[in-house]
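The structure under discussion appears below in the form of structure tokens.
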Amino acid sequence: MEFLGMPSINILKSNNMSSFLTPDVYTEEVPVLPQSIAGVSTAVPAFIGFTEKAVKEGKSISDKAIRVSTFLEFKEIYGGAQKSEFEVLIDDDEQLQKLTATPPASTLYYALDLYFKNGGGDCYIVSVGSFEDSYTKKAFERGLEILSKEDEPTLIMLGEAAKLSANDYYAICQQALAQCADLKDRFCIFDIKRDDEDASGFRNAIGTNNLKYGAAYTPYIHTSLNHIYDDSDVSIINLSSSSDTAFFEIIHDSIKITYTGSISETPKYRINGGSGDTIEFSIPSSKLLTISNVPADGIVVNDLLAAWEAFEDKDNFDIEAVNQNGLVNQTPGASGQELIKQSGGEGSVSLESKEGTALYSKIKSELAKETIVLPPSAAVAGVYATTDRERGVWKAPANVSINSVIGPVVKISSADQERLNVDATAGKSVNAIRSFVGKGTLVWGARTLAGNDNEWRYVSVRRLFNMIEESTKKASHFAVFESNDPTTWLKVKAMIESFLYGIWQQGGLVGSTEEQAYFVNVGLGKTMTQQDILEGRMVVEIGIAAARPAEFIILKFSHKLQEV
């Protein structure tokens, strides 16, 4: 006797009677239930960047994808944060006049901290070097190549790559999208560069390929994470006793711009385009070095230096080559980029020399108020993980507050977001991080970069399909090299239908009945021809009615006339 849902035991029965050579009692267990599909993980981000440790216990941990589950585990493997530097200006009465922070080049440590504070779970770290290594496009390309060989990561994080030049960063983003389209099991979370407030630079340079596999977020966010620093990295400068000069510098693409002048000055630079055929320089009284007529695709370093040598009124500015074979590109915005102060004259002492004094306590108190500014992608990845865990991958990861955040660096209004959310020209939607009174800082958008695509407009729809496709693909491996006949087709169909039924019951698919929510077709004359069977192909057609977010809630009101 057989009971529904229970395996049966057949006694003295076999399809291969010739195997019974000895008189005895034989039993066989006949499976009656179909294979099951286990949903793959949906929010396993992979962070690419630079770490304190590149070697652990004599073994290299760089250029490898290593899985970590907690922030403590990350610190044990990769070490701590790159230290920040501060410059504190005081007067003769030891009153603070100005405090300037120089953030570290690598902020991966803080990004991981923010990710876990927002509900993040297991993730992968791809270290492409230590803090002593320089940020290069090749390093991140190497990281993406390493990541392509890993099966579990489902989110690609490029927050650290946003520190590259605009052209290099956008090239890395395009390569990440291409990897997602190739593997079809992952999704990209991009950051809009901080100086690209209207996202026009990103939209112009990201291209049009594979946009459904990525989403972009803006602006940067003020976190509540404090800088990590040593007292020796805090310079105290007495304005009256210090010399009149200070040294400033900054590296832009393949050149280094320096300035020597008054300690109270804030020298800047900008590189513009123009209609002229020759490179021109100008330095007004505002100490803004302006380089004009640079082509849109950049200028060779040697050509720029030749024009600089011919320029006479350099006014304490200087330009040196970092890479003579490189290109120098334009800078966005008209306000100019500020040069970084490297030294502050003879009156500079470190904070550690003031330990135990009232001034030491006063400065430490002020330093405690300084917090890190980060790209939003790490926090958004944490929101993805939390939403997937609590609601499901089909829930749009939006209208969720971000933890450990003071607010966005730029407040975005509804009018501002209109231009970000809907791009009439190219259709590249950008999601906003917005602050609301009484609610905090929220992720206020859930669109992919394919904002005009009716099928792949929403992040939740794209990621739901990723999950279903990858889960069914892995579960269907049992059928490889099985007989391509109705028995195998029925097993595969029952397995997939059972999986989709579970998703429908949880609210991931729309429809009042199963037939309205999904369908699975397989068989000769339905999805396959006789030629398909002869060539060893089993074709399964799956239709899914994905639940889409209610992005616009419209309430209609009308006057109800008084009834007499």
Side-chain angles (χ1 to χ4, degrees), residues 52 80-107 109-110 113 131 163 194-195 220-252 256-269 283-289 315-318 335-374 404-407 409-410:
E52 181 184 23
Q82 187 174 16
K83 302 296 191 296
S84 300
E85 297 180 358
F86 293 90
E87 184 180 84
V88 182
L89 303 183
I90 62 173
D91 57 20
D92 286 338
D93 297 327
E94 294 190 343
Q95 298 298 314
L96 274 64
Q97 300 298 310
K98 184 179 180 182
L99 191 153
T100 304
T102 303
S106 172
T107 55
Y109 175 94
Y110 300 100
D113 193 7
F131 296 152
K163 299 180 179 66
R194 189 172 180 179
D195 53 11
Y220 278 42
I221 50 180
H222 282 293
T223 72
S224 59
L225 307 178
N226 292 106
H227 289 264
I228 296 176
Y229 64 93
D230 292 330
D231 288 352
S232 58
D233 296 323
V234 181
S235 299
I236 304 173
I237 301 173
N238 190 318
L239 291 173
S240 60
S241 63
S242 64
S243 65
D244 294 334
T245 60
F247 180 70
F248 306 79
E249 74 173 24
I250 196 167
I251 294 178
H252 175 83
K256 179 167 68 175
I257 302 174
T258 61
Y259 177 81
T260 304
S262 172
I263 194 172
S264 61
E265 291 177 326
T266 54
K268 298 181 179 181
Y269 79 100
I283 305 175
S285 58
S286 59
K287 303 300 179 184
L288 173 61
L289 169 62
D315 190 22
N316 297 326
F317 278 95
D318 196 14
S335 59
Q337 313 294 316
E338 191 170 326
L339 274 66
I340 300 173
K341 187 179 296 181
Q342 303 298 315
S343 60
E346 299 172 356
S348 176
V349 296
S350 66
L351 178 60
E352 62 183 352
S353 66
K354 299 292 184 179
E355 187 172 0
T357 66
L359 178 61
Y360 180 87
S361 300
K362 187 184 300 183
I363 293 177
K364 293 287 284 187
S365 178
E366 290 300 317
L367 291 177
K369 301 176 183 178
E370 295 292 315
T371 57
I372 286 284
V373 173
L374 291 177
S404 300
V405 169
I406 299 172
V409 296
V410 177

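- Not a single donor-acceptor pair under 3.5 Å links the side chain of Ser404 to the backbone N or O of Thr223.
- Between Glu85 atom CD and Asp230 atom CG the span is 10.0 Å, to the nearest 0.5 Å.
- A donor-acceptor contact shorter than 3.5 Å is absent between the side chain of Gln82 and the backbone of Pro104.
- Among residues at least two apart or in separate chains, side-chain hydrogen bond (donor to acceptor under 3.5 Å, both in side chains) pairs with a member in residues 359-370 are Tyr229-Lys364, Asp231-Tyr360, Asp231-Lys364, Glu366-Lys369.
- In this structure, CG in Leu289 is found 10.0 Å from OG1 in Thr258, a value given to the nearest 0.5 Å.
- Contact of the Ile363 side chain with the Lys354 side chain is not registered, since no non-hydrogen atoms from C-beta on lie closer than 4.5 Å.
- Taking each heavy atom of Leu99 and Phe86 in turn, the nearest pair found is CD2-CD2, 3.6 Å.
- Atom OG1 of residue Thr102 and atom NZ of residue Lys83 lie 15.5 Å apart, to the nearest 0.5 angstrom.
- Using a 4.5 Å heavy-atom threshold, the side chains of Leu367 and His227 count as separate.
- In terms of modelled atom types and a separation under 3.5 Å, the side chain of Tyr109 and the main chain of Glu52 share no donor-acceptor contact.
- Annotation: the span from Ile90 atom CD1 to Gln97 atom CD amounts to 9.0 Å, rounded to 0.5 Å.
- Among the candidates Asp113, Val405, Ile406, the single residue satisfying the side-chain contact (heavy atoms from CB on, under 4.5 Å) test with Leu225 is Asp113.
- Within the 3.5 Å criterion, the main-chain N or O of Ala368 finds a donor-acceptor partner in the side chain of Asn226.
- A side-chain hydrogen bond (donor to acceptor under 3.5 Å, both in side chains) with Tyr269 holds for exactly one of His252, Lys287, Glu338, Gln337; it is His252.
- Residues passing the side-chain contact (heavy atoms from CB on, under 4.5 Å) test with Val410, sequence neighbours excluded: Glu197, Pro219.
- The line from CD1 of Ile372 to CD1 of Ile221 is 12.0 Å long, rounded to the nearest 0.5 Å.
- Smallest separation of non-hydrogen atoms from Tyr110 and Ile228: OH-N, 2.9 Å.
- Atom CG of Leu351 and atom CG of Leu359 lie 7.5 Å apart (nearest 0.5 Å).
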